[in-house]
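Worksheet for the structure shown next.
Nothing here was measured: the structure is a model prediction, and the numbers come from that model.
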Amino acid sequence: TKGGVLHRIGGGKRAQARLVDGQPCVLAVLREGVLVGSQAGQSLRAYSVEATGLLTPTEAIIALDGIPRAYRGFDFDGDGTSEHIFAGGDGQLWRIEDPFGSARVERLSATPGAIPIDLEVATSAEADALVALSFRDLAYSLWRRGELVHKEYAGQDVWDGAAGDLDGDGAFDLAFALRDARRVAVLLGRPG
């Protein structure tokens, strides 16, 4: 919440935790607990889930060199294992390994001028792609097997995105919410 309280609701129960840093900007719900991104600290803090359902801050603080803004679990490098991918800062992507243990951070890329606000996973018969949406350069970028494969204009004042097969042709399509235009832009994909 704006007041710095993290609420966990599930199984008919509700638990609260006072955030150590009251400026959350992204949440990642993982099997081990919750990672909360901090705007002020440019970091992630791990919160474990107790047997009672309560959330407890751990000592694990993962320092980043920018504000984390979006999270997706995704097989970024194509090795068959999903990784924890965060986007933020000035066009940065970070892979976080073992966030509740030794917490290794790998900076995957930087696209200066692109301030990411959303990450989506686009699935097709050929290969999955990570779609990074950024509002400063009004673009989206597609990442496959750790490589930037496509970057294109997404629309004026792009605010949110979604990926899916909208026309049933087996290729993923993209939809972007354009806030000031009060429109949704749809980009139809083609096989290949």
Side-chain angles (χ1 to χ4, degrees), residues 1-10 14-77 79 81-121 129-143 146-148 151 158-161 179:
T1 65
K2 194 173 186 179
V5 177
L6 184 63
H7 296 270
R8 180 179 182 270
I9 303 167
R14 182 178 182 145
Q16 296 180 358
R18 170 72 50 190
L19 294 178
V20 174
D21 181 344
Q23 294 182 320
C25 51
V26 65
L27 292 175
V29 180
L30 309 176
R31 186 177 35 232
E32 305 92 333
V34 179
L35 291 177
V36 179
S38 165
Q39 181 174 343
Q42 297 187 3
S43 62
L44 300 167
R45 180 179 282 272
Y47 288 77
S48 62
V49 180
E50 304 299 325
T52 60
L54 294 176
L55 295 163
T56 305
T58 68
E59 296 298 316
I61 298 175
I62 304 167
L64 302 172
D65 55 347
I67 298 169
R69 292 188 181 88
Y71 165 78
R72 281 289 179 254
F74 180 70
D75 180 10
F76 188 78
D77 55 12
D79 68 355
T81 305
S82 184
E83 290 104 12
H84 303 296
I85 307 296
F86 285 85
D90 189 10
Q92 297 176 54
L93 291 176
W94 301 287
R95 176 181 11 215
I96 312 292
E97 293 182 21
D98 194 20
F100 287 83
S102 60
R104 293 174 302 282
V105 177
E106 178 185 357
R107 186 174 174 178
L108 299 171
S109 71
T111 308
I115 298 175
I117 58 169
D118 193 21
L119 289 174
E120 295 291 333
V121 174
L130 186 69
V131 181
L133 184 62
S134 57
F135 70 87
R136 179 183 267 172
D137 62 353
L138 309 174
Y140 71 92
S141 53
L142 296 177
W143 298 82
E147 299 291 326
L148 175 65
K151 186 171 181 177
V158 63
W159 195 249
D160 199 5
R179 186 171 60 174

Residues in side chain to side chain donor-acceptor pair (under 3.5 Å) with Gln42, at least two apart? none

Listing request: all salt bridge (Lys or Arg N to Asp or Glu O under 4.0 Å) pairs with a residue in residues 26-40, at least two apart in sequence or in separate chains. none

Hey, are the side chains of Tyr71 and Leu30 touching, using non-hydrogen atoms and a 4.5 Å cut-off? yes

As a quick check of understanding, evaluate side-chain contact (heavy atoms from CB on, under 4.5 Å) for Leu44 and Val105, giving each step before the final call. CA-CA 11 Å; Leu44 300 167; Val105 177; over 6 Å; no

Please indicate whether Glu106 has more than 12 foreign heavy atoms, meaning atoms of other residues, nucleotides or ligands, lying under 6.0 Å from its CD. yes

Go through the structure and list residues passing side chain to side chain contact (heavy atoms under 4.5 Å, CB included) with Ser141, not counting sequence neighbours. Ala132, Trp143, Leu148, Lys151

Enumerate, atom names and distances included, each donor-acceptor pair closer than 3.5 Å involving a side-chain atom of residues 53-67, sequence neighbours excluded.
from  : atom 1 : to     : atom 2 : distance (Å)
Thr56 : OG1    : Glu50  : OE2    : 3.1
Thr58 : OG1    : Ala46  : O      : 2.9
Thr58 : OG1    : Ala60  : N      : 3.1
Asp65 : OD1    : Trp94  : NE1    : 3.0
Asp65 : OD2    : Arg107 : NH1    : 3.1

Across all chains, not counting sequence neighbours, the side chain to side chain donor-acceptor pair (under 3.5 Å) partners of Arg72 are Glu120

Answer whether the closest heavy-atom distance between the side chains of Pro24 and Leu6 falls below 4.5 Å. no

Taking Arg69 for its side chain and Gly89 for its backbone only, find out whether a donor-acceptor pair lies under 3.5 Å. yes

Straight-line distance of Asp77 CG to Glu147 CD, nearest 0.5 Å: 11.0 Å

Heavy atoms, side chains only, cut-off 4.5 Å: are His84 and Leu35 in contact? no

Does Arg104 have any side chain to side chain donor-acceptor pair (under 3.5 Å) partners at least two apart in sequence or in another chain, and if so, which? Glu97, Ser102

For Tyr140, what residues pass the ring-ring contact (aromatic ring centres under 6.0 Å, His included) criterion, not counting sequence neighbours? His150, Phe176

On a heavy-atom basis, the closest approach of Ser38 and Pro68 is O-CD, 3.7 Å

Is there a donor-acceptor contact under 3.5 Å from the side chain of Glu83 to the main chain of Phe76? yes

Side chain to side chain donor-acceptor pair (under 3.5 Å) partners for Thr81, two or more places apart: none

Polar side-chain atom of Asp118 near backbone of Gly161 as donor-acceptor pair, under 3.5 Å: yes

Just so I know, are the side chains of Phe74 and Leu119 near enough to count as touching, which here means a heavy-atom distance under 4.5 Å? no

Applying salt bridge (Lys or Arg N to Asp or Glu O under 4.0 Å), can you list everything that pairs with Asp160, at least two apart in sequence or on another chain? none

Smallest separation among heavy atoms of Leu93 and Ala87, with atom names: CD2-CB, 3.6 Å

